[in-house]
*Asks:* 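Before we start, here is the structure in question, set down as structure tokens.
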Amino acid sequence: MSIIVEEITKLYGEQKALNNVSFQINSGEIVGFIGPNGAGKSTMMKIITGYLPQTQGKVQINGFDTQEESMNIKKLIGYLPEHNPLYIDMYVKEYLKHVAGLYKLGKNTKNRIEEVIKLTGLEREQHKKISALSKGYRQRVGLAQALIHDPQILILDEPTTGLDPNQIVEIRNLISSLGKEKTVMLSTHLMQEVDAICDRVIIINKGEIVANDSSENIQKDVNTTNQTIMIEFDSEIDIDKIHEKEFVKSVIHVKNNTWLIESNTNEDIRSQLFNMAVAYKWTILSIQLKEKSLEEVFQELTKGN
């Protein structure tokens, strides 16, 4: 087991940022840690890495307690914070050499710097000052420093922030590759990123865990509580007649004669809608079950934040 979080609570004065949070992340897993702004993601990550003490609870990293054995934990973890702190007056290689010195890499420093520069795609930028880099390349430098000591665990807070679409794909591929031999916990606002690379998703809202499973299972759980049907008619209909039905929770106009109908049951209501159309002599051009995407599920689980 790589990360064990047990009943973590964090107070800032009287404000409760985290409330009795518990979860585990196994060795070799890539886990997406997602939630709205202010939900407690960054606070939780800082507690895991030992940069911030919790008010209550316990965190263990490979058996080490974060509060009692912080130096051992820092050797195991590579951390990319949300606001990537860099010494912008230093050159890229100079900065990475400085970080390598902090981890006491010794004779391996030169080779390791070359390895992480190649891994993070910094070859063309390695001789530049960090202040001269774009936001995307500064993010790559932050990722390089997190990797410099070849940690067992990576904690990445918004790792693709500021990257263009091509760079995002490259970093996703890198994280996927690293996940084959390392434990990775990452936060992101990009649901495509979660779907693309994460084995599991933990959703936090208002300081509490509201979902913890594979994205597929989370979507399945929400989609079985009710159904959404997209239906298109060949002409205008009296939509109030559908509103009146007991099995209908809501009706949303999409465009022209196309409607989204949400049921209040987990049963398939397409046959009932078809029978209605026959009774009222409406012509259906198409009717299909529309499953909620991870983004829609996320919005449903965190609404009201």
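The structure displayed is predicted, hence computed values, not measured ones. For the numbers below, each heavy atom of this structure counts, side chains included, while hydrogens, waters and symmetry mates do not.
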*Asks:* For Arg270 versus Asp268, what's the shortest heavy-atom pair and its separation?
*Replies:*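 Between these two residues, the closest heavy atoms are NH2-OD2, 2.6 Å.
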*Asks:* Does Lys10 make a cation-pi contact with Tyr12 (under 6.0 Å, within 45 degrees of the axis)?
*Replies:*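 Cation-pi check for Lys10 and Tyr12: passes.
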*Asks:* Show the numbers, then the answer: is there a side chain to side chain contact (heavy atoms under 4.5 Å, CB included) between Asn205 and Leu301?
*Replies:* CA-CA 8 Å; Asn205 187 43; Leu301 291 172; over 6 Å; no
*Asks:* Answer yes or no: is there a donor N or O on one side and an acceptor on the other, between the side chain of Thr120 and the main chain of Val116, under 3.5 Å?
*Replies:* yes
*Asks:* If you take all heavy atoms of Ile209 and Ser22, which pair is closest and at what distance?
*Replies:* CG1-O, 4.3 Å
*Asks:* Count the heavy atoms belonging to other residues, nucleotides or ligands that lie under 6.0 Å from CD of Glu216, then report whether that count exceeds 12.
*Replies:* no
*Asks:* Could you check whether any side-chain heavy atom of Tyr137 comes within less than 4.5 Å of a side-chain heavy atom of Leu122, counting everything from C-beta outward?
*Replies:*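 Side chain of Tyr137 against side chain of Leu122, heavy atoms only: contact under 4.5 Å found.
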*Asks:* If I take atom CD from residue Gln54 and atom OG1 from residue Thr43, how far apart are they, to the nearest 0.5 angstrom?
*Replies:* 12.0 Å
*Asks:* Between OH of Tyr95 and CE of Met90, what distance do you get to the nearest 0.5 Å?
*Replies:*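 With rounding to 0.5 Å, OH (Tyr95) is 8.5 Å from CE (Met90).
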*Asks:* Do Gln145 side-chain atoms and Tyr79 backbone N/O form a donor-acceptor pair below 3.5 Å?
*Replies:* yes
*Asks:* Would a single hydrophobic cluster contain both Ile30 and Val194, if residues Ile, Leu, Val, Met, Phe, Trp and Tyr are joined by side-chain heavy-atom contacts under 4.5 Å?
*Replies:* no
*Asks:* When you measure from the side chain of Asn72 to the backbone N and O of Phe64, does any donor-acceptor pair fall under 3.5 Å?
*Replies:*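 A pair under 3.5 Å: no.
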*Asks:* Can a salt bridge be assigned to the pair Glu115 and Arg112 using a cut-off of 4.0 Å between side-chain N and carboxylate O?
*Replies:* yes
*Asks:* Heavy atoms only: give me the nearest Leu96-Ile113 pair and the separation to one decimal.
*Replies:* C-CD1, 4.0 Å
*Asks:* If you define the side chain from C-beta out and look only at heavy atoms, does anything of Ile3 sit under 4.5 Å from Gln24?
*Replies:*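 Of all side-chain heavy-atom pairs linking Gln24 with Ile3, none is under 4.5 Å.
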*Asks:* For residues Thr55 and Leu11, report the shortest heavy-atom separation together with the two atoms involved.
*Replies:*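 Heavy-atom minimum between the residues: OG1-N, 2.8 Å.
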*Asks:* Starting from the C-alpha separation in whole Å, work towards a yes-or-no answer on side chain to side chain contact (heavy atoms under 4.5 Å, CB included) for Val31 and Val201.
*Replies:* CA-CA 6 Å; Val31 174; Val201 186; over 6 Å; no
*Asks:* Determine whether more than 12 heavy atoms belonging to other residues, nucleotides or ligands lie under 6.0 Å from atom CD of Glu123.
*Replies:*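 Result for CD/Glu123: enclosed.
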*Asks:* List the steps, then state whether side chain to side chain contact (heavy atoms under 4.5 Å, CB included) holds for Leu18 with Met44.
*Replies:* CA-CA 8 Å; Leu18 294 170; Met44 187 70 255; 3.8 Å; yes
*Asks:* Given side chains that start at C-beta, do those of Ile261 and Thr228 come closer than 4.5 Å, heavy atoms only?
*Replies:* no
*Asks:* Considering only heavy atoms from C-beta outward, does the side chain of His127 approach that of Lys93 to under 4.5 Å?
*Replies:*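 With C-beta onward as the side chain, the pair touches.
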*Asks:* Should Ile153 and Tyr103 be regarded as members of a common hydrophobic cluster, given that ILVMFWY residues are connected when their side-chain heavy atoms come within less than 4.5 Å of each other, either directly or indirectly?
*Replies:* no
*Asks:* Between Asn84 (side chain) and Arg138 (backbone), is there a donor-acceptor pair under 3.5 Å?
*Replies:*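 Side chain of Asn84 to backbone of Arg138: a pair is present.
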*Asks:* Which atoms form the tightest heavy-atom contact between Ile175 and Pro159, and what is the distance?
*Replies:*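 In terms of heavy atoms, the two residues are closest at CD1-CG, 4.1 Å.
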*Asks:* Between Asn173 and Ser176, does any side-chain donor sit less than 3.5 Å from a side-chain acceptor?
*Replies:*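 Result is no, nothing qualifies.
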*Asks:* If we ignore hydrogens and angles and just use 3.5 Å, is the side chain of Thr109 paired with the main-chain N or O of Gly106 as donor and acceptor?
*Replies:* yes
*Asks:* Determine whether a donor-acceptor pair (N or O, by modelled atom type, separation under 3.5 Å) exists between the side chain of Lys41 and the backbone of Pro36.
*Replies:*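 Yes.
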*Asks:* Grab the two heavy atoms, one from Ile48 and one from Ile73, that are nearest each other, plus how far apart they are.
*Replies:*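 Nearest pair, atom of Ile48 first, then Ile73: O-CG2, 4.3 Å.
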*Asks:* For the atom pair CD1 (Ile218) and CG (Asp213), what is the distance rounded to the nearest 0.5 Å?
*Replies:*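 Those atoms lie 5.5 Å apart.
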*Asks:* Do Leu190 and Val169 share a hydrophobic cluster, counting only Ile, Leu, Val, Met, Phe, Trp and Tyr and linking them when any side-chain heavy atoms are less than 4.5 Å apart?
*Replies:* no
*Asks:* Cut-off 3.5 Å, side chains only: do Glu262 and Ser250 have a donor facing an acceptor?
*Replies:*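 Ser250 and Glu262 do have a side-chain donor-acceptor pair below 3.5 Å.
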*Asks:* Could you tell me whether Glu170 and Arg140 have a side-chain N and a carboxylate O separated by less than 4.0 Å?
*Replies:* yes
*Asks:* Is a side-chain N or O of Asp240 found less than 3.5 angstrom from the main chain of His243, in a donor-acceptor match?
*Replies:*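 No; judged by distance alone, with no hydrogens or angles, the pair does not exist.
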*Asks:* Check whether any side-chain heavy atom of Ile202 sits under 4.5 Å from a side-chain heavy atom of Ile34, and report yes or no.
*Replies:*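 No, too far: nothing below the 4.5 Å cut-off.
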*Asks:* Can you tell me how far the CD atom of Gln56 sits from the CD1 atom of Ile8, to the nearest 0.5 Å?
*Replies:* 9.0 Å
*Asks:* Using the six-membered ring wherever Trp is involved, compare the ring planes of Phe23 and Phe33 and label them parallel, tilted or perpendicular (cut-offs 30° and 60°).
*Replies:* tilted
*Asks:* Atom CG in Asn212, atom CD1 in Ile204: separation rounded to 0.5 Å?
*Replies:*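 The CG atom of Asn212 sits 11.0 Å away from the CD1 atom of Ile204.
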*Asks:* Does this structure show an ion pair linking Glu193 with Arg172, if we count only N-O contacts that are shorter than 4.0 Å?
*Replies:* yes
*Asks:* If we only count heavy atoms from C-beta on, is the Phe274 to Ile287 side-chain gap below 4.5 Å?
*Replies:*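 No; the side chains remain at least 4.5 Å from each other.
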*Asks:* Does Glu125 come within less than 4.0 Å of Lys128, counting only side-chain N to carboxylate O?
*Replies:* yes
*Asks:* Among side-chain atoms of Ser27 and Ser2, is any donor-acceptor pair under 3.5 angstrom?
*Replies:*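 Yes, Ser2 and Ser27 have a side-chain donor paired with an acceptor closer than 3.5 Å.
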*Asks:* Checking Glu208 against Asn19: is there a side-chain donor and acceptor pair closer than 3.5 Å?
*Replies:*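 Yes, side-chain donor-acceptor contact under 3.5 Å.
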*Asks:* Quick one: does Thr49's side chain have a donor or acceptor within less than 3.5 Å of a partner on Lys46's backbone?
*Replies:*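 Looks like yes, one N/O pair under 3.5 Å.
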*Asks:* Is a side-chain donor-acceptor pair under 3.5 Å present for His83 with Asp157?
*Replies:*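 The answer is no; no qualifying pair exists.
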*Asks:* Under a 3.5 Å distance rule, please check whether Gln139 uses its side chain to pair with a backbone N or O of Gly136 as donor and acceptor.
*Replies:* no
*Asks:* Tell me whether Glu29 is salt-bridged to Arg200, with the criterion being a basic N under 4.0 Å from an acidic carboxylate O.
*Replies:*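 Looking at Arg200 together with Glu29, the answer is yes, because their closest N to O distance falls below 4.0 Å.
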*Asks:* Applying side chain to side chain contact (heavy atoms under 4.5 Å, CB included) to Leu119 and Leu174, what does each step give before you reach the verdict?
*Replies:* CA-CA 7 Å; Leu119 266 176; Leu174 171 58; 3.6 Å; yes
*Asks:* Parallel, tilted or perpendicular, judged at 30° and 60°: which one describes the rings of His98 and Tyr87?
*Replies:* perpendicular
*Asks:* Please test Gln152 against Asn62 for side chain to side chain donor-acceptor pair (under 3.5 Å), starting from the C-alpha separation and ending with a verdict.
*Replies:* CA-CA 10 Å; Gln152 296 176 27; Asn62 286 4; 2.7 Å; yes
*Asks:* I need the Asp199 CG to Ser215 OG distance, nearest 0.5 Å.
*Replies:* 9.5 Å
*Asks:* Quick one, Thr183 and Ile25 - any side-chain contact, counting heavy atoms below 4.5 Å?
*Replies:*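 Touching, per the 4.5 Å side-chain cut-off.
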*Asks:* Tell me whether Lys58 contacts the main-chain N or O of Glu7 through its side chain, where contact means a donor paired with an acceptor under 3.5 Å.
*Replies:* no
*Asks:* Is there a side-chain contact between Ile203 and Phe298 in this structure, where contact means two heavy atoms from C-beta onward sitting under 4.5 Å apart?
*Replies:*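 A side-chain contact exists here, since the closest heavy-atom pair is under 4.5 Å.
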*Asks:* For Gln67, I'd like to know if atom CD has over 12 heavy atoms of other residues, nucleotides or ligands within 6.0 Å.
*Replies:* yes
